[in-house]
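Following: one structure in structure tokens, then a few remarks.
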Amino acid sequence: MQLENKFLVDYRRMFRLLESGGTFVAFDTETTGLSPLTATIIEIGAVKFNRHGIISKYNTLINPQKSIPWKITDLTGISNDMVQGMPHIKDVLKEFLPFLADSIIIGHNVQFDLRFLKHECELNGFTYPENQVIDNLRFSRWAFPEEQKFNQEIMAERLGIQIKEAHRAYDDAEVCGNIFLSLIKHTADRQKI
């Protein structure tokens with residue numbers, strides 16, 4: 001699935017974007033599987049921030065209208081009982097897409113989450129947001145070229161960021177935003193070149 005988003009890979013610009021008042025949304029999804037063609041989103045979490053701090057937060061469970069595999073429940077802690085009575089994805093997209101507005105989207109291996117978001121937009125008649133995107137995974141590789149592993153949990157530990165509840169969308173989004181800000185600080189000497 002082709003994503004129309006412009007991925008920002010000039011990491012020296014990140015500092016300037018933040019300092020110039022840019023608005024960012026770090027977001028994450030939890031899903032019933034790995035492919036948007038066979039799985040669906042069961043949770044979206046997001047944190048909107050700028051250089052002054054958090055502006056707003058978004059978090060919701062989503063009723064997938066099908067059974068959540070036990071492996072997903074084991075990984076995320078999200079059970080079938082928890083999503084009963086929760087909104088369907090169409091209702092969530094009505095709220096979440098305006099939350100993104102014209103912010104720069106950040107995610108760790110963000111293509112995964114964006115593919116699910118795009119698929120759900122297409123299925124439910126919404127226009128997919130073509131916001132600019134920063135992939136923290138790529139940014140981490142640029143910031144730490146000597147390292148071998150870059151998953152979000154390892155990066156959080158490397159940068160001294162506490163993880164409260166891994167594999168839950170809101171906490172993962174908050175950690176992602178903090179990793180981005182830490183990477184900006186960590187690479188400040190390279191940002192000014």
Are the charged groups of D74 and K71 less than 4.0 angstrom apart, N to O? no
Under 3.5 Å donor-acceptor, N50 side chain and T23 backbone: no
What pair of heavy atoms forms the shortest contact from D171 to K164, and how long is it? OD2-N, 3.0 Å
Checking side chain to side chain contact (heavy atoms under 4.5 Å, CB included) for the pair F144/L159: CA distance, chi angles, key distance, verdict? CA-CA 11 Å; F144 294 96; L159 295 165; 3.8 Å; yes
Counting only heavy atoms from other residues, nucleotides and ligands, does the tally under 6.0 Å from CD of Q148 exceed 12? no
Backbone N/O of I105 and side chain of S103: donor-acceptor pair under 3.5 Å: no
Residue pair L123 / H119, side-chain heavy-atom distance below 4.5 Å: yes
Does R168 pair with E30 as a salt bridge, N-O distance under 4.0 Å? no
When you group the ILVMFWY residues by side-chain heavy-atom contacts below 4.5 Å and let the links chain together, are L61 and L97 in the same group? no
Report the distance from atom CG of L183 to atom CH2 of W142, rounding to the nearest 0.5 Å. 9.5 Å
Counting N and O atoms only, with roles assigned by atom type, does the side chain of D135 sit under 3.5 Å from a partner on the main chain of L137, one being a donor and the other an acceptor? yes
Do L93 and K90 come within less than 4.5 Å of each other through their side chains, counting heavy atoms only? no
Could you tell me the separation between the CD atom of Q65 and the CE atom of M86, rounded to the nearest 0.5 Å? 14.0 Å
Taking the side chain as C-beta and beyond, is there a heavy-atom pair between F139 and T187 under 4.5 Å? yes
If you round to the nearest 0.5 Å, how far is OG of S140 from NE2 of H108? 5.0 Å
Taking a hydrophobic cluster as the set of Ile, Leu, Val, Met, Phe, Trp and Tyr residues connected by side-chain heavy atoms closer than 4.5 Å, whether directly or through intermediates, do L17 and I179 fall within one such cluster? yes
If you measure from CE on M82 to CD1 on I62, what distance do you get to the nearest 0.5 Å? 12.5 Å
Closest heavy-atom pair, G45 versus A173, reported as atoms and distance to 0.1 Å, is O-CB, 3.4 Å
Applying a strict under-4.5 Å side-chain criterion to I, L, V, M, F, W and Y, I'd like to know whether W70 and L34 cluster together. no
CG on N109 to CZ on F150, rounded to 0.5 Å: 13.0 Å
Using the rule that two of Ile, Leu, Val, Met, Phe, Trp, Tyr join whenever any of their side-chain heavy atoms come within less than 4.5 Å, decide whether I55 and I184 are in one cluster. no
Can a donor-acceptor pair be found, under 3.5 Å and without considering hydrogens, that links the side chain of R51 to the backbone of E19? yes
Which atom pair, heavy atoms only, marks the closest approach of A101 to N131? O-ND2, 2.9 Å
Are the side chains of F27 and D113 in contact, using a 4.5 Å heavy-atom criterion? yes
When every non-hydrogen atom of A143 is compared with those of H186, the smallest separation belongs to O-NE2, 3.8 Å
Group every Ile, Leu, Val, Met, Phe, Trp and Tyr by side-chain heavy-atom contacts under 4.5 Å, then state whether F112 and I154 land in the same group. no
Under 4.5 Å between any side-chain heavy atoms of N59 and E43, yes or no? yes
Heavy-atom closest pair (E174 atom, I54 atom, distance to 0.1 Å) is OE2-CD1, 4.3 Å
Starting from the C-alpha separation in whole Å, work towards a yes-or-no answer on side chain to side chain contact (heavy atoms under 4.5 Å, CB included) for K94 and F126. CA-CA 8 Å; K94 285 179 194 174; F126 289 91; 3.6 Å; yes
Indicate yes or no: at least one non-hydrogen side-chain atom of V110 is less than 4.5 angstrom from one of N136. no
Between atom CD of E157 and atom CD1 of I163, what is the distance when rounded to the nearest 0.5 Å? 8.5 Å
If you count heavy atoms of other groups shown closer than 6.0 angstrom to NZ of K66, is the number above 12? yes
If the test is side-chain contact (heavy atoms from CB on, under 4.5 Å), which one of I78, N63, T73, T29 qualifies with I42? I78
Is there side-chain contact between I134 and F24, with heavy atoms separated by less than 4.5 Å? yes
Check: D172 main-chain N/O paired with Q152 side-chain donor or acceptor under 3.5 Å: yes
Indicate the ring-plane relationship of F49 and F180, choosing parallel, tilted or perpendicular according to the 30° and 60° boundaries. tilted
Is the shortest side-chain heavy-atom distance between V92 and Y58 below 4.5 Å? yes
Side chain to side chain contact (heavy atoms under 4.5 Å, CB included), that's the test. Do D28 and C176 meet it? Break it down for me. CA-CA 8 Å; D28 187 63; C176 180; over 6 Å; no
Mutual orientation of the aromatic rings belonging to F99 and F96 [parallel < 30°, tilted 30-60°, perpendicular > 60°]: parallel
